Structure formats: C-alpha cells, structure tokens
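Here the structure comes first, spelled out in structure tokens, and everything after it is commentary.
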Amino acid sequence: MDGNSSSGRAPVSRRSFVKGLGAAGAVLPVFNMLPRTSLARDDQAYASAAIDWKQFAGQTITLAGAIHPWSNAITPLLPDFTKLTGINVVTDFALETTYLSAIPIRLARGSNTPDVCMFATYGQGISGGWLEPLNAYYSKKSLTDLPWYDESDLLKTARTFSLWPDGERYGFTITSEAMTLFLNSEMLAAKDLPAPQTFDELLATARAVKTDAISGIAMRAQAGGNSSPAAMGFVFSYGGAMIKNNMAAFASPEAIAAIDMYGRLLREAGPIGVGSYEWYQVLDDFLQGRTAMAIDSSNFATDISNPAKSHVAKQAGFAAFPHLPGREPVPFMSHWQACINSKSKNKQAAFLFLLWATSKPTSLRTAATGLATTRLSAWSSEAFSHAFGRQATEAALSNLQNADVDRAKAILFHPQSRPIQDVFMIGVNEVVSGARSAKDAMMAAAEKANAAIRG
C-alpha cells in the first residue's frame, strides 16, 4: 500500500514532490549519495557565512518549548552552537499540553525569559505584543548573511507561513507536518482491502476491519483545540473553511458534511473512549496494533517505523489524506515556529541562535535524525529518507503539496484561535459521542466562536 499510488494518480518521485514544494524552477542539490562525514559537525559550513559568530560570546539564552521531535533533535547540537558562538543555551522543555497552556501566561506577564520559545497561538502573541518583530534583524548585515542562509531552499509553505499580512515576520519555521493516513497493511490485506482513497472508502474500510479488539480507525476527538488538526483537514477537504471574512465558517454545509463523516467514522469504527483521544492515544493505539488505521501528524512516522517503539513497524503504511470523488484532498498542515520574546534582554543572541538552528547545515543534521525540517535540501537528503522512511516521506510531501496554507493560517493566526478551536472541537466531540447532530453541533459552535471574535 504505497503512499504514492493511493491517490489513484500516476506515482510521482520524492524529488519531484520536493521540487514542487520549493521555488519554481529551483535546482536542488543532489544528496542521494550524501557521505556520512557531511553529517558531522562542519565548522567550514558556518565559517563561510559573513557573520561574526562570536559577537555575543558570554551571553546566555533560555530556550523553551514542548517535548517534541524538534526539541529532541536540536538539544544534542546545542554544545556545538555554544562552541561556535560562545553563547550558552539553557533549555526549558515540558509536555506539549502543559507547555501550550503555560507559555501564553508567562509571556503575558512580561517575563524576560524565555528568550526563544516554540509558539503556536500566533495571533494572540502578535496582538498582545509578546513576540519580537524580526524583519529588522534579517536586514542587519552584522547578524544575517542572506545568501548564505538561502531562503530559496525553504519549502514554499515555510516561506509564507511566518509572514503576517503586513509582511512582518515574528518567527522562524522549524518543522513541517501535514495530516497523513497511517495503515496497518497486514490488517487490510487480511480482508483483501486496498488503501482507501475517498472518505466513503475510508468509512467502508474502517467498518470492515473493526473487531471487538481492534478499532477500524483512530483520530483525535477530545473536546479541546489541541485535538482539531485532523477534523480541520476534513473541513478543508469537503470545501469548507474554519475562518472566512473574520467569522467562524464551520456552520457551512460543507463543514457540517465533513464533521458528520468524522463523527460517523469514530462512532461506527473508532476505539472505545475515543471522545477522550488526543494525539498521544491515537499514536499509541497505532503503535500497539490496536487500530487498523489512523489519521494524524506526518511527524509520527519516525516512531511508527521504529521497531524499538512500534509493534507494527514492518507492516505500517503511509498514504495521502482522503478526498471527495473528483476533488483533491486538502489536509491540514502546519509549521511549528520558534519566536523571540519581545521582553528578552538578549534578542540579537536569540536571533543568531534561530538563524543557526534553521540554517542548511544544521537542518541537514537534524533531518538525519528523522526531523521533518523546513529545508528542501534536508527533505532531499538520503539520510532523512532513511530515518523518516521513504514511503512516509513521499506521503508527507504529497500531503504538504495538497495543503492550503492560507486556510490553515486563517485559523492559526487569528487572535482568538484557541477559543475558536476549543468550541469547534467541543462540537466535534458532541458529534462523535452522538449527543448532537453535526448540523446542530456546528451551528452552536460557530455561534460561540463568533461571540468570542466579537468580544
């Protein structure tokens, strides 16, 4: 069940996908024969930049974030950054749900730490003045060597994702992910079933493979905004939107139909207790072989394919997000960003850190651990394909290519993003549990969301 062919279209190579995700006509370096030595720390790769890396030697910055593939990948490299720059980095990582709840409170109180933080509620952070505008730093020659940094090497979505409507930038994109369909190929093969392509096929397949011990499909359904990504992908793929003209748009006929399907899938073929499922439970069910299919972040591929963590590593498949007949899928996509605290006392050192952390040489090293970075060169590398898995790489690229960055940004960058997503998922949870019809739940949720927007 190859992720390339599951859409029914002619297979497209990983390199073609990467080219499509970059600048038109961009020529990618060939990393298919990447030597192992290029993954070692290469001082020359940084020395070639017209930057005085030692200009802030002696300063200490605090890096805060979620316990996440990015924080796991960047932490072992921090001693190299300190050796290069003389800047010490203190880390402050916490479980994702804990971190996402705590960081807005910390910044709103005006704390001058952390200096650098992973951040998600962009509209809230920017409207609250918590995040430092970065365009002036990009244009400062003592801080930035733009030809060396090479923004043309960034995925198109990564280049546009961090831009606010006025053209200002408030963060560096640090990861790339899109909602992806995971398949237990043995369970589907036992029923002689191919990888589902459409939503109707997904429902039929999930019903067919469900048993008393194994669910047909697992997805997030907890009544909170952190559970919204997969459901938002359903809304987008049905032709709907979360926000339109600064109003909640998920009471539209398209969105109602999408959430009706989402609810049917989990009511009829989901795991027991799915109403409490966050990404942790979705991933664990798939890793343990307790579900035949799941839809969640493409970044789960490294865990799914790791025999030390996964009982299904050998039979795991990765495929395109489902779609309506005659339409392309529009999975939800996102880029985690790292931002600078506007109250930081070490802003230039913090900027230098982010420039280093997202540069080509550093990204190539983090990609070799399986991190889905924002760099074309890293996605093209044989080291990343080996660590992430070829089929998983191609499925993720396909889903990133089909995603709509503007629809994703409309909700993620809204100043009331979190309360809007919260009420949306309360409605989704009601549909999954059977407490309300999709129409009633989405209309009530949109009304609450619009009340929050109006203030």
Side-chain angles (χ1 to χ4, degrees), residues 29 31 34-65 68-93 113-118 132 134 136-154 158 162 169 171-175 336-341 344-378 381 383-384 387:
F31 288 110
L34 193 71
R36 289 178 59 86
T37 53
S38 68
L39 298 178
R41 184 173 61 82
D42 184 358
D43 288 338
Q44 186 56 39
Y46 302 100
S48 63
I51 297 171
D52 176 7
W53 291 104
K54 295 288 189 183
Q55 60 188 299
F56 306 113
Q59 292 189 18
T60 297
I61 61 173
T62 300
L63 168 64
H68 178 274
W70 182 78
S71 53
N72 292 340
I74 204 69
T75 297
L77 307 186
L78 296 179
D80 290 345
F81 172 74
T82 298
K83 185 174 182 179
L84 176 70
T85 65
I87 300 168
N88 296 305
V89 182
V90 176
T91 58
D92 181 10
F93 298 131
T113 59
D115 301 282
V116 176
C117 56
M118 294 172 66
E132 180 74 2
L134 300 179
Y137 296 80
Y138 275 96
S139 61
K140 194 169 184 178
K141 290 185 178 180
S142 63
L143 276 178
T144 311
D145 181 348
L146 287 176
W148 175 83
Y149 188 69
D150 190 9
E151 290 187 292
S152 68
D153 183 52
L154 296 172
S162 60
R169 286 178 281 195
F172 283 74
T173 49
I174 56 176
T175 62
W336 261 104
Q337 294 196 77
C339 305
I340 296 175
N341 180 358
S344 167
K345 295 181 178 179
N346 306 294
K347 294 175 185 175
Q348 293 190 92
F351 183 88
L352 201 63
F353 167 77
L354 288 174
L355 198 77
W356 168 86
T358 59
S359 66
K360 276 186 180 182
T362 306
S363 295
L364 193 60
R365 296 177 68 196
T366 55
T369 70
L371 181 73
T373 73
T374 60
R375 289 274 177 182
L376 293 160
S377 52
S381 70
F384 173 71

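Owing to the predicted nature of the structure, the values given are computational and were not obtained by experimental measurement. Computed from heavy atoms alone, side chains included, the values below leave out hydrogens, waters and symmetry copies.
In this structure, Leu154 CG and Thr373 OG1 are separated by 9.0 Å, a value rounded to the nearest 0.5 Å. How far CG of Leu77 is from OG1 of Thr82: 11.0 Å, rounded to the nearest 0.5 Å. The CH2 atom of Trp70 sits 6.5 Å away from the CE atom of Met118 when rounded to the nearest 0.5 Å. Rounded to the nearest 0.5 Å, atoms CZ (Phe93) and CG (Leu63) are 4.0 Å apart. Note that the CG atom of Leu354 and the CZ atom of Phe172 stand 5.0 Å from one another [nearest 0.5 Å]. Summarising the geometry, atom CG belonging to Leu371 is positioned 8.0 Å from atom OG belonging to Ser363; distances are rounded to the nearest 0.5 Å.
Ala73 approaches Thr369 most closely through the heavy-atom pair CB-OG1, 3.7 Å. The two atoms that bring Ser48 and Asp145 nearest to each other are O-OD2, 4.3 Å, heavy atoms only. Heavy atoms only, all atoms of each residue included: Ala387 and Ala367 are closest at CB-O, 4.3 Å. Nearest heavy atom pair, residue Ile87 against residue Leu352, reads CD1-CD2, 4.2 Å. Nearest heavy-atom pair across Thr175 and His68 is CG2-CE1, 3.8 Å.
The distance between the ring centers of Tyr46 and Phe81 does not fall below 6.0 angstrom.
For Asn341, the side-chain contact (heavy atoms from CB on, under 4.5 Å) partners are Leu107, Lys343, Ser344, not counting sequence neighbours. Take Glu132 and apply the side-chain contact (heavy atoms from CB on, under 4.5 Å) test, not counting sequence neighbours, and it matches Leu134, Tyr137, Ile340, Ser342, Lys347. Evaluation of the salt bridge (charged side-chain N to carboxylate O under 4.0 Å, His left out) rule for Asp150 yields Lys360 as partners, not counting sequence neighbours.
Not one N or O on the side chain of Thr75 forms a donor-acceptor pair closer than 3.5 Å with the backbone of Asn72. In this structure, Ser139 contributes its side chain and Ala136 its backbone to a donor-acceptor pair below 3.5 Å. Within the 3.5 Å criterion, the main-chain N or O of Thr60 finds a donor-acceptor partner in the side chain of Asn346. The backbone N or O of Phe56 lies less than 3.5 Å from no partner atom in the side chain of Gln59, so there is not a single donor-acceptor pair. Thr362 contributes a side-chain N or O that, together with a main-chain N or O of Trp356, makes up a donor-acceptor pair within less than 3.5 Å. For Trp148 (side chain) and Ala45 (main-chain N/O), a donor-acceptor pair under 3.5 Å exists by modelled atom type. Without hydrogens or angle criteria, Arg375 side chain to Asp153 main chain gives no donor-acceptor distance under 3.5 Å.
Side-chain contact between Trp336 and Thr374 is absent, with no heavy-atom pair separated by less than 4.5 Å. Proximity of Ile74 to Ile174: side-chain heavy atoms (C-beta onward) are nowhere separated by under 4.5 Å. Looking only at side-chain heavy atoms (C-beta outward), Thr144 and Phe351 come within less than 4.5 Å of each other. Between Ser377 and Leu364 there is no side-chain heavy-atom pair separated by less than 4.5 Å.
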List the steps, then state whether side chain to side chain contact (heavy atoms under 4.5 Å, CB included) holds for Thr173 with Thr358. CA-CA 8 Å; Thr173 49; Thr358 59; over 6 Å; no
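Side-chain contact annotation: Asp92 with Thr62, donor-acceptor N/O pair under 3.5 Å absent.
Within 6.0 Å of atom NZ in Lys140, 12 or fewer heavy atoms from other residues, nucleotides or ligands are found, so the atom counts as exposed in its surroundings.
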